[in-house]
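Reading through the structure tokens given below for one structure.
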Amino acid sequence: LLTKLGADNGDAMAAAVQKATNVFITPDGFMGRFMNIVVNQVFPYVILGALFGTSAGGTSLIKLAVRLTRRLRGGPAHAAIVSSALFGTITGGPVTNVLSTGRLTIPMMQRNGFSARFAGGVEAAASSGGQIMPPVMGVAAFVLVALTAVPYTKVVVAAFLPAMAFFFSIFLTVMLQARREKVTAMGEVPADLQMERQDWLNVVMIFVPILVILFLLLGSKDAAAAGVLPWVLPEFVLQIIVNATGDAVSAGWWAVAVLVPLLFLDPETRAKPSKVLHSLAEGGILLSRLFLLLFAVSIISAFLNESGLTGELTRAVTSWLESAETVRIFGLEIHITGGVYLMVALISAMICAIILGMGMPTVPAYVNVALLLGPLLANLGVSFFTAHMFVFYFAVASAITPPVAIAAFAAASIAHTEPMRTGFAAVRVGIVMFTIPFVFAWYPELLLIEEAVTVLDDNGQRVLIEGYGGTTDWPSLI
């Protein structure tokens, strides 16, 4: 401590002032980048999720999913996957998603012949997957943007293929389980799940804000200014939309602005407009909790930066790996070659993310492991962005990993079955979530962005990983 304080030319007071400045004022301090995430980036999406949570769109979305999957053998389970993916990408919370959609989908799956344990596992796995489903992906995705300095639009693109692979694997798991339990297709939609006129309006309420976000995130300013919009919008409105194109925060506020009037398509909201105000109040409460959560994370980040623990850990592990030639595990001698120590580091990061995430929200689990082990993974040949995506996935997976699988426990309370067995069922259904990160760690081209194949050389310059050209070769990828 005395050495640290006296490091600035032996002036302890000056060094103490400098340390206090670093901890409290700089971007890496208490009121730095993590507080910026809450105030400037996450705010509109928290409000959007709160408004969605009190709307009738969730039930109507499930009815639409049932209608689309009624001829499939695993119909209700497939409907649960579709509705949880779409609803979860807005709410971003696995437990909230389970409690919102699971109250209808889990009994529906049980009624169609699936076991209570499997029904709870499907809902928990699909609801957790909502956090990795573009375009919103929850709060943790905005923290990923802040830590990696990669634009949100590119994070959405990078998350697309892994998310599709995850939900496709759940679809296949449901089909195989349906054959095993001899579950037949629904054929006709039950009377209580028929789509009525109001349900179609509620579906519009869900999809229009999502389409607004996609249009503004993935569109270009030139395309927005040169399309059909100049013919139908006043010039000042068009200019506002052009300015918002490509900006995640503006896209979120535009989605909120579009959703608020759409909420009045619901007769209950028209009869009681105060529901909208209550939703905004719930969003404010959630935002205050998020503020406290990220403030705690910023404290950890600030002291990790000031102590230099992350750098020391990276240097210690790297120097040990350079000197070690073999490692003995349970009497088995393993020679450490090129990819062995990278795999060991990846497995260590996986275990840390899952353990820290048990019973915790995704954000602190992701941040703690990313700050500690992210630089280490990057030093072993993985790009900085890919390392963070790897940790992010396992922080999400911790919600369905026993012994503290919060999403599975919420599903078990609805299915009236054993929580622990439901947790293991969720792991079995969502097992691909534990393998996909290893796939894109070794084959980062699957993330589709240049940052996934970019590392720092000895001079601190960004260079492409050997063998990559920086562009996507779509024919080879397909």
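Not one N or O on the side chain of Arg428 forms a donor-acceptor pair closer than 3.5 Å with the backbone of Phe424. Judged purely by atom type and a 3.5 angstrom limit, Gln198 uses its side chain to pair as donor or acceptor with the backbone of Leu265. Under the 3.5 Å distance criterion, the side-chain polar atoms of Ser398 are matched with a main-chain donor or acceptor of Ala395. Under a 3.5 Å cut-off, the side chain of Thr386 and the backbone N or O of Val382 do not form any donor-acceptor pair. Checking side-chain atoms of Ser279 against main-chain N and O of Leu51 turns up no donor-acceptor pair under 3.5 Å. Between the side chain of Ser83 and the backbone N or O of Ala80, at least one donor-acceptor pair lies under 3.5 Å. Formation of a donor-acceptor pair under 3.5 Å by the Asn112 side chain with backbone atoms of Met108 is not found in this model. In terms of modelled atom types and a separation under 3.5 Å, the side chain of Arg289 and the main chain of Leu286 share no donor-acceptor contact. Between the Asp199 side chain and the Glu196 main chain, a donor and an acceptor come within less than 3.5 Å of each other.
Of the inter-residue distances, the one linking Ile436 atom CD1 with Ile132 atom CD1 reads 6.0 Å to the nearest 0.5 angstrom. In this structure, the separation between CD on Glu123 and OG1 on Thr105 is 3.5 Å, given to the nearest 0.5 Å. Taken to the nearest 0.5 Å, the CG atom of Leu292 stands 10.0 Å off from the CG atom of Leu287. Taking CD1 of Ile106 as the start and CD1 of Ile414 as the end, the distance is 4.5 Å to the nearest 0.5 Å. Taking OG of Ser169 as the reference point, atom CE of Met164 lies at 11.0 Å (rounded to 0.5 Å). Note that the CG atom of Leu446 and the CE atom of Met389 stand 11.0 Å from one another [nearest 0.5 Å].
Arg270 CZ: more than 12 foreign heavy atoms inside a 6.0 Å radius. Environment of CZ in Phe264: crowded, with over 12 heavy atoms of neighbouring residues, nucleotides or ligands closer than 6.0 Å. Around atom CZ of Phe160, no more than 12 heavy atoms belonging to other residues, nucleotides or ligands sit under 6.0 Å away.
In this structure, Leu346 and Trp442 have side chains that are in contact, with non-hydrogen atoms separated by less than 4.5 Å. The shortest side-chain heavy-atom distance between Val122 and Gln177 does not fall under the 4.5 Å cut-off. The shortest side-chain heavy-atom distance between Leu48 and Ile213 falls under the 4.5 Å cut-off. Using a 4.5 Å heavy-atom cutoff, the side chains of Pro402 and Val427 are in contact. Ile449 has its side chain within reach of Val150: a pair of non-hydrogen atoms, C-beta onward, lies under 4.5 Å apart. Inter-residue side-chain proximity for Val396 and Pro94 is flagged as unmet; no heavy-atom pair is nearer than 4.5 Å.
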task: Go through the steps for Leu280 and Ile47 under the test side-chain contact (heavy atoms from CB on, under 4.5 Å), then give the verdict.
output: CA-CA 6 Å; Leu280 295 175; Ile47 301 300; 3.6 Å; yes

task: Decide yes or no on side-chain contact (heavy atoms from CB on, under 4.5 Å) for Ile354 and Phe434, but give the supporting numbers first.
output: CA-CA 10 Å; Ile354 290 175; Phe434 297 86; 3.8 Å; yes

query: side-chain contact (heavy atoms from CB on, under 4.5 Å) between Leu216 and Ile241: does it pass, once the steps are laid out?
result: CA-CA 8 Å; Leu216 292 177; Ile241 294 176; 4.1 Å; yes

- prompt: Is there a side-chain contact (heavy atoms from CB on, under 4.5 Å) between Ile240 and Trp254 once you walk through the steps?
  reply: CA-CA 10 Å; Ile240 294 174; Trp254 270 102; 3.5 Å; yes

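Within the structure, every pair that satisfies the ring pair (Phe, Tyr, Trp, His ring centres under 6.0 Å) test and touches residues 94-145, not counting sequence neighbours, is listed here: Tyr45-Phe142, Phe114-Phe118, Phe142-Tyr152. The ring pair (Phe, Tyr, Trp, His ring centres under 6.0 Å) analysis of residues 192-223, with sequence neighbours excluded, yields no pairs. Legend: ring pair (Phe, Tyr, Trp, His ring centres under 6.0 Å) pairs involving residues 168-198, not counting sequence neighbours, sorted by first then second residue: His78-Phe171.
Closest approach of Thr422 to Ala412, counting heavy atoms only: OG1-CB, 3.6 Å. For the residue pair Ala410 and Leu99, the shortest heavy atom distance occurs at CB-CD2, 4.3 Å. The shortest non-hydrogen separation linking Gly374 to Ala387 is O-CB, 4.0 Å. The shortest heavy-atom contact between Val249 and Pro44 is O-CG, 3.8 Å. Across every non-hydrogen atom of Phe52 and Met205, the tightest pair is CE2-O, 3.7 Å. The shortest non-hydrogen separation linking Ala407 to Ser128 is CB-OG, 3.7 Å.
A distance below 6.0 Å separates the ring centres of Phe390 and Phe438.
Applying the ring-ring contact (aromatic ring centres under 6.0 Å, His included) test to Phe385 and every residue at least two apart in sequence or in another chain returns nothing. With sequence neighbours excluded, the residues that form a side chain to side chain contact (heavy atoms under 4.5 Å, CB included) with Val258 are Val208, Val212, Leu262. Residues that satisfy the side-chain hydrogen bond (donor to acceptor under 3.5 Å, both in side chains) test with Gln110, not counting sequence neighbours, are absent from this structure.
The closest side-chain donor-acceptor pair between Glu451 and Ser383, if any, does not fall under 3.5 angstrom.
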